[in-house]
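Note that the coordinates shown come from a computational prediction; the quantities given were computed from them, not determined experimentally.
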Amino acid sequence: MHHHPLAAVLAVANITGFHPGPAYFVFWALVIAAIIGAPIYVVRLVRNRHQRR
């Protein structure tokens, strides 16, 4: 059984009348970018500190 998150969101939007605007998608894009980017930033920071020693 395949799960389609976008289809689920659209179904809920059609049932409840909730239609998120562009700001909603920008917010979640930033949240996802932060979740992905934070560990990468920390790894680079640690590597730079080790190279300086």
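Both F27 and Y24 sit in one connected hydrophobic cluster of ILVMFWY residues. Membership requires side-chain heavy atoms under 4.5 Å apart, directly or through other members. Residue I36 is not grouped with residue V31 when hydrophobic side chains (ILVMFWY) are merged at heavy-atom distances under 4.5 angstrom, including chains of intermediate members.
Here the CZ-CD1 distance, from F25 to I32, works out to 11.0 Å after rounding to the nearest 0.5 Å.
Summarising the geometry of A34 relative to P39, their closest heavy-atom pair is O-CD, 4.4 Å, with the distance given to 0.1 Å.
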